[in-house]
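The chains referred to below are lettered A, B, ... by the order of the sequence lines, with proteins before strands, and numbering in each begins at 1. Just so it is clear, the model here is predicted, and its values are computed rather than measured.
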There are 2 protein chains.
Amino acid sequence: MKPSVVTIEPNGHFCSDCGVRGSAVCSSLEPAELREFEHLGRRVHFSSGETVFSEEDITTSFYNVLDGVMRLYKLLPDGRRQIVGFALPGDFLGMNLSGRHNFSADAIGAVTVCQFAKAPFGRFIEDRPQLLRRINELAIRELSQARDHMVLLGRRSADEKVAAFLLGWRERQLAHKGPSDTVPLPMSRQDIADYLGLTIETVSRTFTKLERHGAIEIIHGGISLLDPARVEALAAA
Amino acid sequence: MKPSVVTIEPNGHFCSDCGVRGSAVCSSLEPAELREFEHLGRRVHFSSGETVFSEEDITTSFYNVLDGVMRLYKLLPDGRRQIVGFALPGDFLGMNLSGRHNFSADAIGAVTVCQFAKAPFGRFIEDRPQLLRRINELAIRELSQARDHMVLLGRRSADEKVAAFLLGWRERQLAHKGPSDTVPLPMSRQDIADYLGLTIETVSRTFTKLERHGAIEIIHGGISLLDPARVEALAAA
DNA sequence: AAACGCGATTGACCCAGATCAATTTTGGCC
DNA sequence: GGCCAAAATTGATCTGGGTCAATCGCGTTT
């Protein structure tokens, strides 16, 4: 939201010991290519609430999330907001056809990204089809997630939305940390509401209701799934 | 919905005079490649209401829509349906990571597709990065549309949804037929409702309301935009 | 430790859109 | 044309979730 004051890592870094080496776009590259790739990206830090890029901005860079969580959202002229997704480490951002980002991205808590200037990155891809294939895979995965989310937004009740959100978020955490019934929620209630197409009051009331029924416990910075089976039944997959 | 009885074109065809030659995946191929490509696809016809593929099906083919309109949708176990998009000529269907289609596709009216068996198509792509790049472009375009649709589903009122739908549909027609204030609507009111996350009654009432206000006229098989500016104001882009 | 600020929760009430229930219109089909 | 079934429209009523308005909890500042 506030003007972005970024911190650029002064010293070099090595892709080979990058935390997302195995899951991000770069997982498609050979060690030799990786060394060349290393020179294209620079690590950039954003602190909580900073905007990494805005919807209407002309795309000058692509981003590979290394650490932290970002909210990806679109605004209507009157200020209504829809969060179209959350980006986690390994996610690749910035692909578009129009030449402009078609959503905005803010850091939720501290975030580190690997930033690539558009032109050199485009040239690098040019003769590396396996990198293109990897980007394509990520796009197809996101498309599938987007369609699932359309079902949630268009056809699910508030209870189902919240339950599905908790399970979905746990599922995504699973890849990074291990499996757990404790779901950390770094985003605000307002973020959750804007992701689920609800109001903050409804999200809050639904959490409280789930807690009263013994399905979850609201803990500091997250939710504990006391009765995962109950929550799964509510999400009605 | 009913069991699919497809009609396969018995005689050969030529990509070079295909209606979607310029806009589909194949637009990325050279004339020489096109001749080879020709042998991979076969034209298949579906009649109104037939299912081209289902959500849970294992993907054995990719499809290039040549003619007609398809509804792409997901069902919840209890029968609630969300239409995640409509496919028009030039659209490419079947890409996924899971090995299964993650939505179903029905013909709305008569449909012709160019069907490719998965394996040979995959092999053909292998050493043709420009085809892969084209597929990637189409995926990115769809992703952008999907995000726009999430905003509509999550944050817009019924009036806004219907108005935005009419304008969006006119926009898509524009590419195929010329510009026009007459918007043909081949899909049913139920389809529109399931696309917009509304009920059929609300869609019908909203059309009637727009007509009473002089913004549109409900005509046979579609809508005429009497006052496009009014409809645009309602859609509140 | 009092005062502040901000996110989260809770309560009271309201309304857009869903649901339920008839019609009416349309489109084959003999 | 007349008959039937499906789609669309319209009306009456209901309700899930929104809106408005306190209040609470808690970390931060002074």
Side-chain angles (χ1 to χ4, degrees), chain A residues 1-2 48-49 71 76 78-82 106 108-109 152-166 184-213 216-223 234 236, chain B residues 1-2 47-49 71 76 78-82 106 108-110 152-166 184-213 216-223 234 236:
Chain A
M1 289 294 179
K2 43 175 186 169
S48 193
R71 57 173 164 260
L76 291 176
D78 64 3
R80 281 175 290 177
R81 183 177 72 158
Q82 177 66 45
D106 294 345
I108 295 177
L152 179 143
L153 290 172
R155 287 294 180 232
R156 284 182 179 284
S157 70
D159 288 1
E160 292 170 342
K161 285 177 175 182
V162 170
F165 168 70
L166 289 176
L185 297 178
M187 73 291 286
S188 69
R189 293 289 189 268
Q190 186 63 64
D191 288 342
I192 297 172
D194 286 347
Y195 182 59
L196 299 178
L198 298 171
T199 60
I200 185 173
E201 293 94 333
T202 298
V203 171
S204 186
R205 275 189 256 271
T206 306
F207 277 153
T208 305
K209 184 164 68 171
L210 288 175
E211 189 172 46
R212 266 203 311 272
H213 292 9
I216 67 170
E217 191 189 355
I218 302 170
I219 56 177
H220 182 78
I223 293 288
L234 266 174
Chain B
M1 290 294 181
K2 43 176 186 167
S47 47
S48 193
R71 59 173 164 259
L76 291 176
D78 64 2
R80 282 174 289 177
R81 184 177 70 160
Q82 177 66 45
D106 295 344
I108 295 176
L152 179 142
L153 289 171
R155 287 295 179 230
R156 286 181 178 287
S157 71
D159 288 1
E160 291 170 343
K161 284 176 176 183
V162 170
F165 168 70
L166 290 175
L185 297 177
M187 72 292 286
S188 70
R189 294 288 191 268
Q190 186 62 63
D191 288 342
I192 297 173
D194 287 347
Y195 182 57
L196 300 178
L198 298 172
T199 60
I200 184 173
E201 292 95 332
T202 299
V203 171
S204 186
R205 276 188 254 271
T206 306
F207 277 153
T208 306
K209 184 165 68 172
L210 288 176
E211 189 173 45
R212 266 203 312 271
H213 292 9
I216 67 170
E217 191 188 356
I218 302 170
I219 58 176
H220 182 80
I223 293 290
L234 266 174

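A:F207 has its CZ atom 8 Å from the P atom of C:dT9, to the nearest Å. Taking atom CE of residue B:M187 and atom P of nucleotide D:dA7, one finds them 15 Å apart after rounding to whole Å. To the nearest angstrom, P of D:dG27 lies 6 Å from NE2 of A:H220. Note: CG (A:D78) to P (D:dT19) measures 11 Å, nearest angstrom. Atom pair B:E211:CD and D:dA8:C1' shows a separation of 13 Å (rounding to whole Å applied). The NZ-C1' distance, from A:K209 to C:dT9, rounds to 15 Å in whole Å. In this structure, B:R189 places its CZ atom 14 Å from C1' of D:dT10, rounding to the nearest Å. One atom, CD1 of B:I219, and another, P of D:dT9, lie 13 Å apart when rounded to the nearest Å.
Proximity of a side-chain donor or acceptor of A:R80 to a complementary backbone N or O of B:R155 within less than 3.5 Å is detected. Looking only at distances, no side-chain donor or acceptor of A:E217 sits under 3.5 Å from a matching main-chain atom of A:E211.
Atom CG of residue A:L210 and atom CG of residue A:L166 lie 7.0 Å apart, to the nearest 0.5 angstrom.
Distances shown here put a side-chain N or O of B:T208 below 4.0 Å from the OP1 or OP2 atom of D:dT10.
Where A:T202 and B:T202 each meet DNA chain D at their nearest nucleotide, the meeting point lying more 5' is that of B:T202. Residue whose closest nucleotide on DNA chain C sits further toward the 5' end, between A:R205 and A:R155: A:R205. The nearest heavy atom of DNA chain C to A:S204 and to B:T199 marks one nucleotide each, and the one closer to the 5' end goes with A:S204.
Of the candidate nucleotides D:dC20, C:dT9, D:dA8, D:dC20 has the atom nearest to the side chain of A:E201. Residue A:S188 has its side chain nearest to C:dA8 when only C:dA8, C:dG17, D:dA8 are considered. Checked against D:dA8, C:dA8, C:dG17, the side chain of B:A158 finds its nearest nucleotide in C:dG17.
Within 4.0 Å (heavy atoms only), B:G221 reaches no atom of the nucleic acid at all.
Interface remark: the B:R212 side chain does not form any donor-acceptor pair with the D:dT10 base, using a distance-only criterion of under 3.5 Å.
Under 4.0 Å is where a charged nitrogen must lie from a carboxylate oxygen, and between A:K209 and A:D159 at least one such pair does.
Shown are A:R81, A:R189, A:R71, A:Q82; of these, the side chain to side chain donor-acceptor pair (under 3.5 Å) with A:D194 is made only by A:R81.
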